[in-house]
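Worksheet: one structure, shown below.
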Protein chains: 2
Amino acid sequence: MPRAAVPAYEQVKAFIRGRIASGQWKPGDPVPSEAALMQQFGISRMTVNRGLRELAGEGLVTRIQGSGTRVAQLHRISSRLTIRDIHEEVAERGHVHSTRVLLAAREKASAAMAQSLGLRTGGAVFHSRLVHLENGVAIQYEDRYVNPAAAPDYLKTDFTQVSPTLHLLQHAPLTEASYSIEACLPTAEEAKELGIRRTEPCLAMMRRTVSGAHVASVARLVYPGSRYSFAGQFQA
Amino acid sequence: MPRAAVPAYEQVKAFIRGRIASGQWKPGDPVPSEAALMQQFGISRMTVNRGLRELAGEGLVTRIQGSGTRVAQLHRISSRLTIRDIHEEVAERGHVHSTRVLLAAREKASAAMAQSLGLRTGGAVFHSRLVHLENGVAIQYEDRYVNPAAAPDYLKTDFTQVSPTLHLLQHAPLTEASYSIEACLPTAEEAKELGIRRTEPCLAMMRRTVSGAHVASVARLVYPGSRYSFAGQFQA
DNA sequence: GAGTGGTCTAGACCACAGA
DNA sequence: CTGTGGTCTAGACCACTCT
């Protein structure tokens with residue numbers, strides 16, 4: 001028997017997705033059991049199981065052991081938000097990325113910063129400030145503090161060649177991160193470096209990354225509202 | 001042989017995750033082959049395969065047929081961004097959600113709106129405008145256009161009881177969506193209804209949802225920058 | 001050709017839910 | 001108790017990569 005071009009478990013997924021998308025199966029409705037789908041498709045249970053398990057992972061169906069599989073209540077469509085290197089992001093748009101380095105220094109940690117990074121107050125901390133440009137236009141002001149324990153060579157990096165994010169991704173494998181995005185007005189310094197008025201609203205992303213046992217970095221990324229937006233797509 | 005409390009494929013995943021997190025295996029390094037892991041753990045290939053496949057899905061490793069499995073180059077940590085009902089979101093914080101309805105009407109679609117929703121110009125379109133409050137404080141101004149074909153009963157809904165998002169999630173199962181988030185200043189109307197100054201920066205989310213064959217809805221959600229931020233967590 | 005991952009099977013035992 | 005999903009095995013054939 002020749003293998004189909006599209007795997008059997010994908011066929012099962014497509015079948016169920018279709019019923020849900022077309023509205024034939026509504027939230028809360030039962031999905032055929034693994035045994036039923038085995039018969040219907042003439043395939044083994046492991047294969048059916050894989051299809052259903054993946055649909056559950058995508059949030060399209062809910063499975064309860066002993067009870068059965070049902071169409072998920074709210075079709076929570078979700079997209080993946082990813083920490084990316086801005087250089088890569090700009091390059092993907094076919095544009096030229098460049099960097100203006102404002103500061104790259106070793107400093108003594110303030111109490112607040114020490115707390116954030118899990119250091120002792122007054123301990124050494126790396127501090128960088130730079131502006132990212134896309135085709136020569138400033139799109140991001142990056143103010144970052146780095147834990148020397150997580151990335152000891154941070155300051156040796158030429159940030160015009162390797163962005164701080166990339167250096168950190170390569171030297172301090174991410175294990176955890178948190179972020180928040182808010183709207184704010186730029187500080188005088190930020191406005192000056194970004195070349196915008198102080199009244200222009202900006203997106204600010206606060207990001208804290210953890211690598212293994214260390215908090216690796218705390219950053220504030222400021223984007224002019226008129227030049228940048230976060231966009232994404234959801235797919236069921 | 002009694003089943004272990006933690007499944008074998010999870011043990012494989014934990015083993016590999018550990019090596020990566022601890023830095024013993026760096027980006028680009030080869031991960032042991034399925035055959036090697038079978039031997040090491042004394043389990044069957046399908047089980048090893050599931051562990052590795054899930055790690056690949058999480059972006060922690062890259063698998064190439066014929067070549068092997070390697071630690072992924074950039075540990076792209078990503079989190080799921082989900083379309084949620086604001087009522088649910090506020091309730092989850094233990095706060096009280098309420099709604100002020102400003103408008104709920106059938107209108108004729110402008111050319112631009114008809115284009116967005118996939119209608120003919122001048123066709124009927126549902127239009128709602130409302131303010132969402134958390135503990136009595138305005139946190140979101142919602143301006144939404146809905147395709148009558150996707151949710152014919154939209155205007156019959158009491159939006160103080162069932163939010164537009166919830167109604168749509170329930171009656172027009174999401175199949176696709178796109179969004180963008182930007183910083184902006186509120187319009188005069190928005191500032192008035194949100195009770196903020198016109199100079200206060202806001203987050204604006206534009207969202208377009210598709211349900212089956214129809215574009216279901218186009219919405220603009222405006223959040224005062226001082227009262228709201230999008231936040232999230234990434235986990236490897 | 002040897003080694004890799006992608007898929008699949010036909011069984012199996014188990015934990016759990018619901019009647 | 002029956003039916004469900006969760007996990008696992010010991011094989012198998014295939015497509016692919018690399019040497």
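Heavy-atom basis, side chains included; hydrogens, waters and symmetry copies ignored.
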Could you check which of C:dA10, D:dT7, D:dT4 has an atom nearest any side-chain atom of A:S44?
C:dA10
Does B:R50 make a cation-pi contact with B:Y9, if we ask for NZ or CZ under 6.0 Å from the ring centre and within 45° of the axis?
yes
What integer distance in Å separates A:I43:CD1 from C:dT7:P?
13 Å
Side chain of A:S67: nearest nucleotide among D:dG5, C:dG6, C:dA17?
C:dA17
Which of D:dT4, C:dT9, C:dG5 is nearest the side chain of A:S33? It is D:dT4
Regarding B:I64, tell me which of base, sugar-phosphate or nothing describes its non-hydrogen contacts under 4.0 Å with the strands shown.
sugar-phosphate
Measure the distance from CE on B:M38 to C1' on C:dG5 and round it to the nearest whole Å.
13 Å
Could you check how far CD of A:Q39 sits from P of C:dT9, rounded to whole Å?
14 Å
Nucleotide C:dG6, atom C1' - distance to CZ of B:R63 in whole Å
9 Å
Which pairs count as ring pair (Phe, Tyr, Trp, His ring centres under 6.0 Å) when at least one residue sits in residues 30-60 of chain A, sequence neighbours excluded?
A:F15-A:F41
Taking the side chain of A:R50 as its heavy atoms from C-beta onward, which of C:dT7, C:dT4, D:dT4 lies nearest to it?
C:dT7
Atom CD of B:E34 and atom P of D:dC13 are separated, to the nearest Å, by 18 Å
From C:dC8, D:dG6, C:dG6, pick the nucleotide closest to the side chain of A:N49?
D:dG6
B:R53 or B:G68, whichever maps to the more 5' nucleotide of DNA chain C:
B:G68
Presence of B:T47 side-chain N/O under 4.0 Å of D:dT9 phosphate oxygens OP1/OP2:
yes
Residue pair B:R45/B:G66 against DNA chain D: nearer the 5' end by closest nucleotide is B:R45
Looking only at C:dT7, D:dC8, C:dC13, the nucleotide nearest the A:Y9 side chain is C:dT7
If you define the side chain from C-beta out and look only at heavy atoms, does anything of A:V71 sit under 4.5 Å from A:K26?
no
Nearest to the side chain of B:M46 - D:dG11, D:dG6, C:dG6?
D:dG11
For A:R63 and A:R53 the tightest heavy-atom approach is NH1-N, 4.0 Å
What one should report as the nearest heavy-atom pair of B:F159 and B:A104 is CE1-CB, 4.1 Å
